[in-house]
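Bear in mind that the values here come from a model prediction, so they are computed numbers and not experimental data.
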Amino acid sequence: GNGGDGPTGPAAPGRAQVFSTVVDTFLEKLVTAGSYQRFASCYRCFYKLQPQLTRSIYDQFISQLQSSIKEEIQEVKNEGNLEGLFNSLDKIVEEAKDRAEPAWRPSGIPEEDVRSALVPYLLKHRSYLRKVLREKEEENKKVAKSVLAGRDRIAELQQLIQARKQAWQ
């Protein structure tokens, strides 16, 4: 140990490696908890009659138990893609080390947490919608001017037609 000041080597072990170490430690403690003495005391009559056979059965049992647990854990790791997820998490943590702002943490009050997450998004969206609205209003003003100019031109043409009609008659 280095006094808890962080890793002294080039890099801290990854989460996948830590997980494997925890599993191995668990297995060691499991084997220790299920010691031969406890096994023999549970099967005392059999132990007194056949101590070597009892030891052999115990060794086979522990070996089979360890391999079964390792297989199950490996299956869980494979099915859940734990290696990839641990590596992704390591990468996220590594990238987050350079961030100046603190990471978001839930307050424990769901309404406030949702509000704190949604309000900035909704304000940004409102700003975007207002911008789009201004653009559409400008576009509508241009179209309205064009329509008014078209109406004026139609009115001029109608007057011209009326004037020519009267001149012709």
- The reported gap from CG in Leu65 to CG in Leu30 (rounded to nearest 0.5 angstrom) is 5.5 Å

- For Lys145, enumerate each residue passing the side chain to side chain donor-acceptor pair (under 3.5 Å) test, keeping only those at least two apart in sequence or located in another chain. none

- Sorted by first residue and then second, give each salt bridge (charged side-chain N to carboxylate O under 4.0 Å, His left out) pair with at least one member in residues 74-90; sequence neighbours left out. Arg15-Asp90, Lys77-Glu83

- Task: Please step through side chain to side chain contact (heavy atoms under 4.5 Å, CB included) for the pair Asp59 and Tyr36, ending with a clear verdict.
- Result: CA-CA 8 Å; Asp59 290 342; Tyr36 177 67; 5.8 Å; no

- How would you list all residue pairs meeting salt bridge (charged side-chain N to carboxylate O under 4.0 Å, His left out) that involve residues 152-167, not counting sequence neighbours? Arg153-Glu156

- CZ of Arg38: more than 12 outside heavy atoms within 6.0 angstrom? no

- Message: Does anything in residues 112-141 form a side chain to side chain donor-acceptor pair (under 3.5 Å)? List the pairs, not counting sequence neighbours.
- Response: Ser107-Asp113

- For Asn81, check side chain to side chain donor-acceptor pair (under 3.5 Å) against everything at least two apart and list the hits. none

- Message: Checking Asn78 now: which residues fulfil side chain to side chain donor-acceptor pair (under 3.5 Å) with it, not counting sequence neighbours?
- Response: Gln74

- Would you say Ile69 and Ile62 are hydrophobically clustered, going by side-chain heavy atoms of ILVMFWY under 4.5 Å? yes

- Heavy atoms only: give me the nearest Ile57-Phe39 pair and the separation to one decimal. CG2-CZ, 4.0 Å

- Query: If you group Ile, Leu, Val, Met, Phe, Trp and Tyr whenever their side-chain heavy atoms sit less than 4.5 Å apart, what else falls in with Val143?
  - Reply: Val147

- Message: My understanding is that only residues two or more places apart in sequence, or in another chain, count here; which of them pass side chain to side chain donor-acceptor pair (under 3.5 Å) with Glu94?
- Response: Lys97

- Item | Cluster companions of Val18 among Ile, Leu, Val, Met, Phe, Trp, Tyr (side-chain spacing under 4.5 Å) | Val22

- Task: Might you confirm whether atom CZ of Phe61 has over 12 heavy atoms from other residues, nucleotides or ligands at distances under 6.0 Å?
- Result: no

- According to a 4.5 Å side-chain heavy-atom criterion applied to Ile, Leu, Val, Met, Phe, Trp and Tyr, with indirect links allowed, do Ile73 and Val76 form part of one hydrophobic cluster? yes

- Query: With sequence neighbours left out, what residues match Phe19 under ring-ring contact (aromatic ring centres under 6.0 Å, His included)?
  - Reply: Phe86

- Task: Measure the spacing between CD1 of Ile161 and CD1 of Ile154 and express it to the nearest 0.5 Å.
- Result: 10.0 Å

- Query: Is there any side chain to side chain donor-acceptor pair (under 3.5 Å) pair reaching into residues 39-51, and which pairs are they, with sequence neighbours excluded?
  - Reply: none

- Query: Is there a donor-acceptor pair closer than 3.5 Å between any side-chain N or O of Ser88 and the backbone N or O of Gly84?
  - Reply: yes

- Item | Hydrophobic cluster of Trp168, others only, ordered by chain and residue number, side-chain cut-off 4.5 Å | none

- Query: Is there a donor-acceptor contact under 3.5 Å from the side chain of Ser56 to the main chain of Gln52?
  - Reply: no

